[in-house]
Amino acid sequence: TSHLKKAKLMFFYTRYPSSHVLKACFHDVQLSRCVTSQLIKWFSNFREFYYIQMEKFARQALAQGVADARSLAVERESQLFKTLNTHYNKANDFQVPQRFLEVAAITLREFYSAISKGEDRDPSWKKAIYK
DNA sequence: ATGGGTCCTG
DNA sequence: CAGGACCCAT
């Protein structure tokens, strides 16, 4: 549906929209509890994909011997961005805000440093990065 | 008791 | 993405 597409584009701005924010953004729809929880679920799924990619590319950068996290950036031409873009903006008919690239770079660096420090041995090491 | 989250599956 | 099990906070 178009709501899914709208939600995905919204993800470029907020990773953890509260139910209130969702209510506001979808005020046109009669959000039943079921639909609301569905939207919540969508964002949970969006985050999963997002963080999985982040971890994947962070490990990849580490394996490729990237000196330090500061050199990690997320450009529109980068593979990471392309992967995320095709997932949330398949039609590619939306101008992804620059802010998203900055946020993505930040989380990518957080994964990178956490992994390089061996913090990924802690079962709940991702919790510090999430949110 | 409910609702938001994660993790794992299909 | 949807379902379900399970955790945590309200």
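The chains referred to below are lettered A, B, ... by the order of the sequence lines, with proteins before strands, and numbering in each begins at 1.
Between A:Val21 and A:Ser18, the closest side-chain pair of non-hydrogen atoms falls below 4.5 Å.
A side-chain donor-acceptor contact under 3.5 Å links A:Gln98 and A:Arg76. Side-chain atoms of A:Gln79 and A:Thr83 include a donor-acceptor pair closer than 3.5 Å.
The number of heavy-atom neighbours closer than 6.0 Å to NZ of A:Lys5, taken from other residues, nucleotides and ligands shown, is 12 or below. When the shell of 6.0 Å around CZ of A:Arg121 is examined, it contains 12 or fewer heavy atoms from other residues, nucleotides or ligands. Within 6.0 Å of NZ in A:Lys6 there are more than 12 heavy atoms belonging to other residues, nucleotides or ligands.
Nucleotides of DNA chain B with any atom under 4.0 Å from a heavy atom of chain A span, from 5' to 3', B:dG4 to B:dC8.
In this structure, A:Tyr112 has its ring center at least 6.0 angstrom away from the ring center of A:Phe57. For A:Tyr130 and A:Trp125, the gap between ring centers reaches or exceeds 6.0 Å.
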Annotated protein contacts, base or backbone, on nucleotides 4-10 of chain C with a non-hydrogen cut-off under 4.0 Å, one of B, S, - each: B------

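C:dA2 atom P lies 12 Å from atom CD of A:Glu48, rounded to whole Å.
A:Gln38 comes within 4.0 angstrom of the backbone, heavy atoms only, and of no base. Among the heavy atoms of the strands lying under 4.0 Å from A:Phe46 are primed sugar atoms or P, OP1, OP2 only; no base atom is included. Among the heavy atoms of the strands, none lies under 4.0 Å from A:Ser37.
Comparing A:Tyr16 and A:Arg33 along DNA chain B, the residue whose closest nucleotide (by nearest heavy atom) sits nearer the 5' end is A:Arg33.
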